[in-house]
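Report on one structure; see the data block that follows.
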Amino acid sequence: MCKVLALAGGVGGAKLVFGLSKTLNPKQLSIVVNTADDTIFHGLYVSPDVDTVMYALAGLTNKKTGWGIDGDSFKTLSALKNYGSEAWFQLGDLDFATHIKRTELLRSGKSLSEATDHLTKSLGILHSLIPMSDDPVRTIAITADDDLEFQDYFVRQKCKPVLEGIRFDGIKQAKPSKAFVDKLSEANALIICPSNPVVSISPIIELPGIKQLINDFSGKRVAISPIIAGRAVKGPAAKMMRELNEDVSSIGVAKRYIGICDWIIIDEQDSKEAEEIEKLGINVYVSSTIMNSDQEKINLANDVMSLIKN
Ligand code: FO1
C-alpha cells in the first residue's frame, strides 16, 4: 500500500492536502504541519497553519482568504477591541471556539498533538493531522529595525519591513512530534506541499534529526514549487526570497530542496527552468499547479500521485 506523508504550511499546503484527501484514504495519507507560526492572542493558543489545514480537510475554509472559517462573523473580536484589546489578527467567532478548546486541552496537560487530534476528530476528519512538534518553535523575522514575531511581521506589518534573515527560536531544543517521526519511518512517499519554503517548510525540515531522516528516506520525495512565473501564488514567499538574495523562481525553491527531494513539480509557465533545475540533481515534472478550484486541487493531487506511483 502507498503510504504518503505530506509536509504542509498554511494556505498553499492546505489546498493540495484537500486534493490529496480526496484521492488517498486515511491509511494512505498523513499530514505534518508547521507550528512555528503559532502564537498567543487574547490568552488563547492559536495555531494558524494547523487550523488552515484542519478547516480545509473539514470543508470549512473561507475560500476568499484561504484561512479561517467560511461565513464566520467577528463580533467577539469587535467586543474585545471595545475593551481595548488589539484586533489586527482577524479571529472569527467560530474560529475562537477552536482556540478556546485547544487552550483548554493544553492547560489540562494535553500535548499539541493530542489537542489537534481532539479537534480534528470532533470535526469528523479521519486523516491524521500532526503538528511538527509539541515543543514551542517560533519564527522570528529579522528586519533592519527590529526582530519581529511572525504574525506581527506577516499580518500586522503586512510584510513591509525588509527582511534581513529568519530564525526559528527554540528549534534546537524542540523534538519532532512522535507521530511525525513514526509516520516518516512508515511512509513510502514524501510530499513537500507548495507552501512557503522559507517560513513554512524550513522549520519542519530543520527540526533536530529530520533533515537526516529525509536524506535517508528510501521512497520518492516530491516537492511542488509555490513560485510561478517569479511570483508566489499567495503570500510573501517571493518577497522574502528576494530580500534573502535567493532566486525568486522554482530554481530558487529547488536549491533549497537539494537533498530533500528527488522530484520537483513546477508550473507549465516555468517549463524553461527545468534544465537548470535538473543540473541541481532534481528531476522535474511540469504540470498545471494553480489550484483555484476544488477540481484543480484534486487534479494536482492526482498528478503528484501518478508521479509517485510511476
Ligand atoms: N492572515 C492574515 O493575513 N490576516 C489575518 O488577520 C489572519 C488571521 C488568521 C486567523 C486564524 C488563522 O488560523 C489564520 C489567520 N491568518 C491571517 C493566516 C495566517 O496568518 C497565515 O496564513 C499563516 O500563519 C502563514 O502560513
Side-chain angles (χ1 to χ4, degrees), residues 6-18 31-58 60-78 80-81 85-103 112 115-116 119-120 123 125 129 131-132 136-141 148-161 163 166 168 192-204 226-227 232-241 291:
L7 308 184
V11 177
K15 286 182 177 183
L16 182 62
V17 164
F18 171 87
I31 308 113
V32 166
V33 185
N34 170 43
T35 57
D37 297 1
D38 293 10
T39 190
I40 305 285
F41 283 111
H42 316 291
L44 302 173
Y45 188 102
V46 180
S47 189
D49 285 0
V50 168
D51 292 342
T52 299
V53 176
M54 181 170 81
Y55 295 150
L57 287 171
L60 293 172
T61 307
N62 174 340
K63 289 196 174 156
K64 250 192 228 149
T65 55
W67 47 263
I69 295 179
D70 189 34
D72 213 347
S73 49
F74 293 85
K75 289 184 180 167
T76 309
L77 192 68
S78 127
L80 282 164
K81 194 173 178 190
S85 295
E86 289 198 52
W88 48 266
F89 198 74
Q90 296 295 298
L91 294 170
D93 296 326
L94 298 174
D95 195 21
F96 258 113
T98 302
H99 315 309
I100 291 168
K101 189 65 196 176
R102 177 187 292 114
T103 306
L112 187 59
T116 305
L119 295 171
T120 51
L123 292 175
I125 295 168
L129 190 58
M132 66 179 201
V137 178
R138 297 294 171 261
T139 297
I140 304 292
L148 302 169
E149 267 216 3
F150 183 69
Q151 298 300 343
D152 187 355
Y153 162 79
F154 185 76
V155 176
R156 191 166 77 88
Q157 309 220 31
K158 300 185 171 60
C159 304
K160 279 187 191 137
L163 212 55
I166 287 284
F168 304 118
I192 302 176
C193 288
S195 297
N196 186 320
V198 182
V199 288
S200 297
I201 300 300
S202 259
I204 304 179
I227 302 286
V233 178
K234 183 154 174 34
K239 179 179 184 285
M240 292 177 135
M241 290 174 79
M291 295 179 283

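Hydrogens, waters and symmetry mates are skipped; everything else that's a heavy atom, side chains included, is used. Counting starts at 1 for both ligands and their atoms, in listed order.
With Lys234 contributing its side chain and Thr65 its backbone, the two residues share a donor-acceptor pair below 3.5 Å. Checked by atom type and distance alone, the side chain of Ser200 never pairs as donor or acceptor with a backbone atom of Gly9 at under 3.5 Å. At distances below 3.5 Å, not a single donor-acceptor pair connects side-chain atoms of Lys81 with backbone N or O atoms of Ala87. Asp72 contributes a side-chain N or O that, together with a main-chain N or O of Asp93, makes up a donor-acceptor pair within less than 3.5 Å.
Annotation: atom 3 (O) of ligand 1 to nearest protein heavy atom, Val155 CG2, 3.8 Å. The nearest protein atom to atom 11 (C) of ligand 1, hydrogens excluded, is given as Asp95 OD2, 3.3 Å; this is a heavy-atom distance. In this structure, the protein non-hydrogen atom closest to atom 21 (C) of ligand 1 is Phe154 CE2, 3.5 Å. Among protein heavy atoms, the minimum distance from atom 16 (N) of ligand 1 is reached at Trp67 CD2, 3.4 Å. The protein non-hydrogen atom at the shortest distance from atom 20 (O) of ligand 1 is Gln151 OE1, 2.8 Å. The nearest heavy-atom contact from the protein to atom 25 (C) of ligand 1 is Asp37 OD2, 3.2 Å. For atom 26 (O) of ligand 1, the nearest non-hydrogen atom of the protein is Asp49 OD1, 2.8 Å. Phe89 CZ, 3.2 Å is the protein heavy atom nearest to atom 9 (C) of ligand 1.
Close approach to Leu91 involves these atoms of ligand 1, each under 4.0 Å from a residue heavy atom: 10 (C), 11 (C). Near Gln90, the atoms of ligand 1 lying under 4.0 angstrom from a non-hydrogen atom of the residue are 5 (C), 6 (O), 8 (C), 9 (C), 10 (C). Listed by atom number, the atoms of ligand 1 under 4.0 Å from Trp88 heavy atoms are 6 (O).
If you check the side chains of Asn62 and Tyr55, you find no donor sitting under 3.5 Å from an acceptor.
The closest approach between any non-hydrogen atom of Tyr55 and ligand 1 is not below 4.0 Å.
Using the six-membered ring where Trp is involved, Phe150 and Phe154 have ring planes that are parallel, under 30° apart on the 30 and 60° scheme. Ring pair Phe89/Phe41 is parallel by interplanar angle, where below 30° counts as parallel and above 60° as perpendicular.
Contact detail for Ile69 and Asp95: the closest heavy-atom pair is CD1-N, 3.9 Å.
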